[in-house]
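Below: one structure, written as structure tokens.
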Amino acid sequence: MVKIKGIRKRWMMNSISVVVFIAFFAVFFFSISIVNYYYSGMSTGLESKANTAAGFFKNTVESEFFSAASRYVENFDENSHLELQILNPYGRISLSSYGLTSGTTPGTADIEAAIADKETRGWKGADPLTGEHIMAVSAPITYNDSVVGVVRFVTSLRGVDRQLIFLVSLAALVGIVVISLVYFSNLYFVRSIVEPVAGITETAKRIASGSYGIQMEKKFDDEIGDLTDAINDMSAKISQSEKMKSEFISSVSHELRTPLTAINGWAETIMNGEVRQAEDVKKGMGIIVSEARRLTNMVEELLEFSRIEDGRFTLSVEPLDIAAEFEDAVYTYREFFRREGIVLTYDPCEEELPMVPGDPERLRQVFCNVLDNASKHGGAGMRIDCSLHREVDYIVIRIRDYGPGIPEEELPRVKFKFYKGSSKARGSGIGLAVCEEIITRHSGSLDIDNAEGGGCVVTIRLPIGT
């Protein structure tokens with residue numbers, strides 16, 4: 001559960017931190033932009049008024065400047081939101097539309113710059129007299145390139161600042177709402193992933209503790225659903241594998257015990273002198289040799305499978321006469337089958353076949369294993385047919401018995417390791433898996449099907465080398 005919480009925390013931190021970062025800078029740049037927009041608009045308007053007033057005074061006679069300025073201030077009708085000031089060349093207020101500031105010296109940067117540079121200048125800050133946040137624009141009044149006064153417009157920024165605070169607060173609120181929406185939507189989304197994953201994790205733990213075969217309900221048709229299917233499939237396959245392994249151990253134990261019992265029984269009988277007739281002794285020794293060979297073959301089969309499992313399985317490939325190798329196996333088993341009453345027929349290829357690259361020992365192992373299986377599982381039909389032919393670029397070997405065949409539902413799994421299906425015949429269940437590996441490494445194929453008319457047919461295809 002700690003890991004699940006860690007996933008949720010990392011997911012939320014990574015996603016929310018990006019959204020917070022974007023929202024913060026969006027609000028920040030919006031605030032900067034709106035403040036600049038408002039202040040720049042006001043400054044431009046005041047500069048226009050100041051330049052207009054300064055131009056008006058330039059058109060009057062210098063000697064009439066003071067009287068003209070007095071009339072201009074008396075007729076100023078924007079006192080509700082603006083203060084008009086006329087300053088002397090030393091920066092002292094001579095006339096004011098409010099009247100309260102006359103005779104004072106503001107000393108702000110806009111006045112000093114307008115007098116010194118003879119250019120219209122603006123300023124924004126705290127009023128030196130009242131401390132109120134204001135904006136001021138000063139325009140010089142010149143006669144013969146000499147500054148005789150300054151026209152100054154002053155306005156309070158209290159209302160603008162309130163409006164700006166409202167807009168910035170609104171933008172911040174929108175940012176918080178967006179972050180909250182993203183947070184809760186992400187929380188819901190993460191929960192929809194984490195909770196199913198937690199359930200899958202618990203199921204995986206149960207499987208790891210030995211509860212093989214348990215299945216989870218598939219609730220989502222997405223990646224989580226695919227993961228559920230994969231876990232269910234894994235659980236089923238582990239259960240099947242464990243069942244097959246248990247059956248394999250039981251089968252091998254039985255297969256080993258049977259010949260060992262026969263060997264021990266006959267060996268003790270002969271050793272104790274209970275059998276005195278030469279014919280009986282020979283029969284007992286024959287059984288011992290036969291059962292010992294059977295044990296040897298079983299151990300070799302297990303060793304081959306072990307080599308395949310750990311990657312030590314190799315081939316010694318050389319050009320070989322595939323027909324001769326197969327015929328040797330057929331002739332060897334023909335006598336064995338005859339003793340059991342089974343007729344083994346062989347249909348050879350009439351044409352001359354080219355040499356085929358392969359490992360003769362491994363291929364002989366495959367041929368013998370398939371022939372042995374044919375007698376074990378299909379010997380009840382008392383007949384086994386073999387053939388070897390060329391089909392285009394392949395040598396095709398077919399071995400058919402006339403037994404009961406293989407149930408259709410078992411056909412896809414007969415080559416799986418440890419799988420014995422419903423067959424009661426002796427064997428470890430790994431012979432066909434080893435044969436499949438050998439033929440596959442020869443770039444060929446081994447197919448097992450039910451033959452038409454009854455019985456089973458094994459088809460081996462080996463490519464002809466160039």
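Keep in mind that what you see is a predicted model, and the values were worked out from it rather than measured.
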Using the ring centroid of each side chain, check whether F21 and F25 are separated by less than 6.0 Å. yes

Go through the structure and list residues passing side-chain contact (heavy atoms from CB on, under 4.5 Å) with [X], not counting sequence neighbours.
| X | answer |
| --- | --- |
| D401 | A374, I384, C456 |
| F24 | none |
| L315 | F313, V317, D359, R362, R441, H442 |
| Y394 | V396, R461, P463 |

Between [X] and [Y], does at least one N-O distance fall below 4.0 Å, as a salt bridge requires?
| X | Y | value |
| --- | --- | --- |
| R398 | E391 | yes |
| R121 | E47 | no |
| R338 | E335 | yes |

Any residue meeting side chain to side chain donor-acceptor pair (under 3.5 Å) with [X], in chain and number order, not counting sequence neighbours:
| X | value |
| --- | --- |
| N186 | S15 |
| D226 | none |
| R206 | none |

Measuring from [X]:[atom1] to [Y]:[atom2], what's the distance to the nearest 0.5 Å?
| X | Y | atom1 | atom2 | result |
| --- | --- | --- | --- | --- |
| D110 | M135 | CG | CE | 11.0 Å |
| R158 | I134 | CZ | CD1 | 11.5 Å |
| S239 | Q215 | OG | CD | 9.0 Å |
| L320 | M355 | CG | CE | 6.0 Å |
| L432 | I439 | CG | CD1 | 11.5 Å |
| N264 | M271 | CG | CE | 10.0 Å |

Residues that K237 engages under salt bridge (Lys or Arg N to Asp or Glu O under 4.0 Å), provided they are two or more places apart: D233

Using salt bridge (Lys or Arg N to Asp or Glu O under 4.0 Å) as the criterion, list what pairs up with R162, not counting sequence neighbours. none

Quick one, [X] and [Y] - any side-chain contact, counting heavy atoms below 4.5 Å?
| X | Y | value |
| --- | --- | --- |
| L344 | C386 | yes |
| I395 | V356 | yes |
| D385 | Y402 | yes |
| I238 | I207 | yes |
| L353 | D321 | no |
| V182 | V20 | no |
| C435 | Q365 | no |
| H133 | K124 | yes |

Go through F30 and V168 one step at a time and tell me if the side-chain contact (heavy atoms from CB on, under 4.5 Å) criterion holds. CA-CA 8 Å; F30 171 80; V168 171; 5.6 Å; no

Show the numbers, then the answer: is there a side-chain contact (heavy atoms from CB on, under 4.5 Å) between N450 and L411? CA-CA 8 Å; N450 286 321; L411 270 176; 3.8 Å; yes

ring-ring contact (aromatic ring centres under 6.0 Å, His included): which pairs involve residues 351-372, sequence neighbours left out?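 Of all non-adjacent pairs touching residues 351-372, those that pass ring-ring contact (aromatic ring centres under 6.0 Å, His included) are F326-F367.
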
Sequence neighbours left out, what pairs pass ring-ring contact (aromatic ring centres under 6.0 Å, His included) with at least one residue falling in residues 267-297?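 Output for this query is empty, none listed.
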
Identify the two heavy atoms, one from [X] and one from [Y], that lie closest to each other, and give their separation to 0.1 Å.
| X | Y | answer |
| --- | --- | --- |
| H389 | P348 | CE1-O, 4.3 Å |
| I448 | L446 | CG1-CD2, 3.8 Å |
| R364 | A329 | CD-CB, 3.9 Å |
| T155 | H81 | OG1-O, 2.9 Å |
| D447 | S445 | OD2-OG, 3.9 Å |
| I214 | T203 | CD1-CG2, 3.7 Å |

Using a cut-off of 6.0 Å, state whether more than 12 heavy atoms not belonging to E352 lie near its atom CD. no

CD/E132: more than 12 non-hydrogen atoms of other groups inside 6.0 Å: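 Enclosed.
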
Quick one: ring-ring contact (aromatic ring centres under 6.0 Å, His included) partners of F337, sequence neighbours excluded?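 In terms of ring-ring contact (aromatic ring centres under 6.0 Å, His included), with neighbours along the sequence ignored, F337 is linked to Y333.
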
Please test L388 against Y346 for side-chain contact (heavy atoms from CB on, under 4.5 Å), starting from the C-alpha separation and ending with a verdict. CA-CA 8 Å; L388 185 147; Y346 174 55; 3.9 Å; yes

Looking only at atom types and distance, does a side-chain atom of [X] sit under 3.5 Å from a main-chain N or O of [Y], one as donor and one as acceptor?
| X | Y | answer |
| --- | --- | --- |
| S375 | D372 | yes |
| T296 | A292 | yes |
| S40 | Y37 | no |
| S235 | I231 | no |
| S43 | Y39 | no |

Quickly, which of E410, E408, E409 forms a side chain to side chain contact (heavy atoms under 4.5 Å, CB included) with I406? Name it, please. E410

Before giving the answer on side-chain contact (heavy atoms from CB on, under 4.5 Å), spell out for E318 and S316 the whole-Å C-alpha distance, their side-chain angles and the decisive distance to 0.1 Å. CA-CA 7 Å; E318 61 183 60; S316 298; 5.6 Å; no

